[in-house]
Amino acid sequence: MKRTDDCGRLRKTDIGRTATLMGWVQTRRDHGGLIFIDLRDREGITQVVFNPTLSPDIHKQAKDLRSEDVIAVSGKVEARPEGTVNTHLSTGKVELIADGLEILNPAKTPPFPIEDNVLVSESLRLKYRYLDLRRPRMLANLKRRHQILRVVRNFLDGYGFIEIETPYLTKSTPEGARDYLVPSRVNPGQFYALPQSPQLFKQILMVAGMERYYQIARCFRDEDLRADRQPEFTQIDFELSFVDRDEILSLMEAMLTEVFQMVKGVSLPTPFPRLSYQEAMERYGSDKPDLRFGLEIHDVSSLVAGSSFQVFQEALSRKGVVKAMALEGKATLSRKELDELTEAAKTLGAKGLAWVKVSPQGFESPIVKFLGEPLLQKISGALTAKAGDLLLFVADQLKTAREVMGGLRVQSAERFGWIPADQFRFAWVTDFPLVEYDETEQRYVAMHHPFTSPMDEDLPLLESEPRRVRAKAYDLVLNGSEIGGGSIRIHRRDVQSRMFKLLGIEPAEAQEKFGFLLEALEYGAPPHGGIAFGLDRLVMILSGAESIRDVIAFPKTQKAICLLSDAPSHVTERQLKELHIKTDVVE
RNA sequence: GGGGCCGUAGUUCAGCUGGUUAGAACGCCGGCCUGUCACGCCGGAGGUCACGGGUUCGAGCCCCGCCGGCCCCGCCA
């Protein structure tokens, strides 16, 4: 038998002709006489009817059909009798009256039903991933992923980008995440590293005059996993020469606009809002603010400066701040709920949480007596709070106060259902600090990466006041999730050397680790910059998936194990010996 | 490295204060059924209560350990 149609294709216009379908048995409804089979393939479901009067032999064979058997079935396409049309199926007006059946491969009973909306443990799904992927939602996610990449490739082709592959076996570099290492057999004791990103190679490609590069690049980072983090993940990676930041941002906006139009039918308003890092931290307590809801954070330090509330005074005297936020209509929270909020604040790093209920009669709170009615009036005015709202206060060092408020902001929005569904709120966050001081390592570390260009006007401060130097770096945030980041790079050797020096990388080490880049910068490196998007997170948001695993065909568990293949695994002594590797693992 | 939730039939779960033979639904198997699409009806099989110890007259339940899955903090330039 030869397949003539897929299971999502047959329509009223096909009535009368013959067809051969191949696919998986979704369900069987055996009436003793008539047998109905829902036949499923990638494209859809078609009802097949086995009639004992018309084809007794075939009907007898169909008695044995079970879920997930792979079959070929041929017959005549007919209209369904009146009243039996299934409006849930695209093929629901017709059915195939079988006169031929071949069981291509009988299947064992699957360990879980191949349907959406059935709860199955994640470990079982991952072990039988090939069954899990048969579920319509998973198939749709992978199709969507493909569609996004197709739109991206098509768009970039139109803008003169060249897709170039860079090595997976590359060099371990300091800075950044932990590397995955690969031993070199022919160079005993030496290791390749799998790339955390194609960063250095794409910059070299700019020096090579490629001008516009992109790659759908797999990246590897040996760090702990999360719902939105896998040890290997995919970036849509770009690098361009002779452009400034704004050109990159608007090009990316154009690309994403096309993606959302094609994939979701959504018209994104452009340009996307832009916030400086400072502004994002100040208003939202996060460098990846979720703009789907308001709930902005306010600094009330100067307002409360004269109050007699010891906790505030103490924080302020230590050069700290007092941050406040108004939860609309939440003056009704119980003591228990307020305690939970306080607990959440403590988990986020606060020493405590002060609250004030705004009621028509005035203010209710253990700290009313310290702050006083007039001051509270001023504060609620500044927060545009009204009767029924709940005011929250955190007093601490600036960094902590921001982070705690930022965390409470997001948690509250989630908890109280203030996040609207089906919205896509983008924001560019720009003007990141170039470096931050790492207390544990007692040195400056690059906030983006060591190749990010400082802002020209801040360059003189590089040695004297590095904390104040801003970078030509930008992140793209979507619904509170960082989905992309990039920068204009350093393209001059002298600046790059100064940067390494700031980061405490000795010239000898810089030479050893990045010598090839430094040298390349001396051979006519054009000004260049780029960006990379996390494809998995983008697909995840566009699919409404709760985990990145739902948009990756073969993801790993939180312990970085592939339950399907059982990787990683032990290898033979001989393999280790060949690689000159000895382990200290005691079996 | 740390905090939290979970693990009972093929699956999803229930299982009281520790007490008789561990239940339900779906699925599976058999029978009946010619217009179903969550088909229906009748019957049946199916359990290492993740694993290992301990407490107890008695453990699915309590304690300790361990394995696994998930969420979070740290980490992720």
Side-chain angles (χ1 to χ4, degrees), chain A residues 26-40 45-54 59 63 66-68 78-89 91-92 95 97 108-115 117-128 131 173-179 196-197 199-200 219-231 233 343-344 346-349 403 407 411 432-436 438 440-441 443-452 471 473 475 482 485-487 499 503 505 532 534 546-547 549 556-559 561 563:
Chain A
Q26 177 69 38
T27 51
R28 158 186 74 111
R29 292 178 294 280
D30 184 346
H31 286 229
L34 290 179
I35 297 173
F36 298 94
I37 295 288
D38 286 346
L39 191 64
R40 184 196 74 240
I45 284 180
T46 302
Q47 174 164 284
V48 181
V49 185
F50 295 89
N51 189 319
T53 3
L54 299 177
H59 175 266
K63 283 258 171 206
R66 293 294 181 271
S67 286
E68 300 307 309
E78 290 197 357
R80 291 201 189 190
E82 203 165 333
T84 65
V85 165
N86 187 339
T87 50
H88 298 111
L89 297 178
T91 60
E95 58 195 8
I97 311 297
K108 286 169 71 175
T109 303
F112 54 85
I114 312 300
E115 288 164 33
N117 305 319
V118 288
L119 288 172
V120 188
S121 77
E122 184 117 9
S123 50
L124 199 67
R125 289 176 54 198
L126 292 175
K127 182 178 175 191
Y128 296 98
L131 300 179
T173 53
E175 309 284 305
R178 195 176 293 112
D179 283 324
Q196 296 176 28
S197 83
Q199 186 59 35
L200 294 170
C219 303
F220 305 86
R221 293 177 192 178
D222 187 4
E223 298 292 348
D224 287 345
L225 289 79
R226 287 285 189 286
D228 63 352
R229 264 165 40 188
Q230 282 275 306
F233 61 99
E343 209 40 56
K346 284 182 178 166
T347 309
L348 290 163
E403 285 170 3
Q411 285 180 18
F432 280 83
L434 184 70
V435 294
E436 56 191 341
D438 186 317
T440 357
E441 289 196 41
R443 67 177 186 98
Y444 289 102
V445 293
M447 198 147 172
H448 188 54
H449 59 52
F451 317 105
T452 298
D475 275 359
E482 183 200 323
S487 63
M499 181 69 181
L503 299 177
I505 301 173
E546 282 183 8
S547 156
R549 296 184 298 278
K556 292 177 176 59
T557 67
Q558 198 162 50
K559 287 197 76 185
I561 286 166
L563 292 180

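What you see below is based on every heavy atom in this structure, not just the backbone, and it leaves out hydrogens, waters and symmetry mates. Below, chains carry the letters A, B, ... as their sequence lines are ordered, and counting in each starts from 1.
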- Base, sugar-phosphate alone, or nothing: which one does A:L124 contact when heavy atoms must sit under 4.0 Å apart? sugar-phosphate
* To do: Report yes if a donor N or O on one partner sits less than 3.5 Å from an acceptor N or O on the other, where the partners are the side chain of A:D224 and the base of B:C75; otherwise report no.
  => no
Pairing partner of B:U36, by Watson-Crick or G-U wobble and under 3.5 Å for both distances, is none
Closest to the side chain of A:K559, out of B:G35, B:G1, B:G68, is B:G68
Sorted by chain and residue number, the ring pair (Phe, Tyr, Trp, His ring centres under 6.0 Å) partners of A:H59 (sequence neighbours excluded) come out as none
note: A:F50, atom CZ; B:C37, atom P; distance rounded to Å ~ 18 Å
In whole angstroms, the gap separating P of B:C73 from CG of A:L225 amounts to 13 Å
Minimal heavy-atom distance between A:V445 and A:D438, with the atoms involved, is CG1-CB, 4.0 Å
Across every strand shown, the nucleotide meeting Watson-Crick or G-U wobble geometry with B:A45 (both distances under 3.5 Å) is none
| field | Test: A:D224 and A:R229 ion pair at under 4.0 Å | value | no
note: A:N117, atom CG; B:A38, atom C1'; distance rounded to Å ~ 13 Å
Regarding the side chain of A:D30, the nearest nucleotide among B:C33, B:U34, B:G69 is B:C33
- Task: Tell whether A:R221 reaches the base of B:C76 with its side chain through a donor-acceptor pair below 3.5 angstrom.
- Result: no
Decide side-chain contact (heavy atoms from CB on, under 4.5 Å) for A:L348 and A:E403; before the verdict, give the C-alpha distance in whole Å, the side-chain angles of both, and the deciding distance to 0.1 Å.
CA-CA 7 Å; A:L348 290 163; A:E403 285 170 3; over 6 Å; no
- Query: Within the pair A:S67 and B:G27, is there a side-chain N or O less than 4.0 Å away from OP1 or OP2?
  - Reply: no
inquiry  = So, does A:T109 get its side chain near the phosphate of B:G10, meaning an N or O under 4.0 Å from OP1 or OP2?
reply    = no
Ignoring backbone atoms, test whether A:R125 places a side-chain nitrogen or oxygen under 4.0 Å from the OP1 or OP2 oxygen of B:U12. no
Salt bridge between A:E223 and A:R221, side-chain N to carboxylate O under 4.0 Å?
no
Rounded to whole Å, the CZ-C1' distance (A:R178 to B:C76) equals 9 Å
- Query: Which part of the nucleic acid does A:T452 contact within heavy-atom distance under 4.0 Å: base, sugar-phosphate only, or nothing?
  - Reply: nothing
Whole-Å distance, A:E343 CD to B:G3 P, equals 15 Å
The nucleotide from B:C72, B:U34, B:C76 with an atom nearest the side chain of A:T53 is B:U34
Would you say the base of B:C37 and the side-chain of A:R80 have a donor-acceptor pair closer than 3.5 Å? yes
Exercise for the section: Compare side-chain N and O positions of A:R226 against OP1 and OP2 of B:C73 and report whether any pair is under 4.0 Å apart. Expected result: yes
Open item on the list: Could you tell me how far B:G68 sits from B:G10 if I compare only their P atoms? Round to whole Å.
Closed with: 22 Å
Short question: side chain of A:R443, backbone of A:L503 - any donor-acceptor pair under 3.5 Å? yes
Value for CD1 (A:I114) from CG (A:L131), rounded to nearest 0.5 Å, stands at 4.5 Å
For a quick test of reading the model: is some side-chain N or O of A:Q558 closer than 4.0 Å to OP1 or OP2 of B:C71? yes
Partner of B:C62 under the Watson-Crick or G-U wobble criteria, both distances under 3.5 Å, comes out as B:G54
As its Watson-Crick or G-U partner within any shown strand, both distances under 3.5 Å, B:C16 has none
inquiry  = Does A:E95 contact B:G35 through a side-chain donor or acceptor facing the base, at a distance under 3.5 Å?
reply    = yes
Paired to B:U11 by Watson-Crick or G-U wobble criteria (both distances under 3.5 Å) is B:A25
Of the candidates B:U36, B:C33, B:U12, the side chain of A:K63 sits closest to B:C33
Pair of N/O donor and acceptor under 3.5 Å linking B:U12 base with A:S121 side chain:
no
Considering only heavy side-chain atoms of A:R549, the closest of B:C70, B:G35, B:C37 is B:C70
Of B:C37, B:U12, B:U34, the nucleotide closest to the side chain of A:D38 is B:C37
message: What contact category does A:P81 fall into here, base, sugar-phosphate, or nothing, at under 4.0 angstrom with non-hydrogen atoms?
response: base
On a whole-Å scale, what distance lies between the P atoms belonging to B:G44 and B:A24? 12 Å
Rounded to whole Å, NE2 of A:H449 lies from P of B:C76 at a distance of 15 Å
Practice task
Looking at every strand, decide which applies to A:V120 at a 4.0 Å heavy-atom threshold: base, sugar-phosphate, or nothing.
Solution key: sugar-phosphate
Using a 4.0 Å heavy-atom cut-off, does A:T27 contact any base of the nucleic acid, only the sugar-phosphate backbone, or nothing at all?
nothing
Closest to the side chain of A:P111, out of B:G10, B:U36, B:U34, is B:G10
All heavy atoms of A:A473 vs all of A:S487, minimum pair found to be CA-CB, 3.8 Å
Atom CZ of A:R28 and atom P of B:G35 are separated, to the nearest Å, by 17 Å
*asked:* Taking only side-chain N and O atoms of A:R66, does any of them lie within less than 4.0 angstrom of OP1 or OP2 on B:C29?
replied: yes
In whole angstroms, the gap separating P of B:U34 from NE2 of A:H31 amounts to 10 Å
Checking B:G10, B:G74, B:U36 against the side chain of A:F36 (C-beta onward), the nearest is B:U36
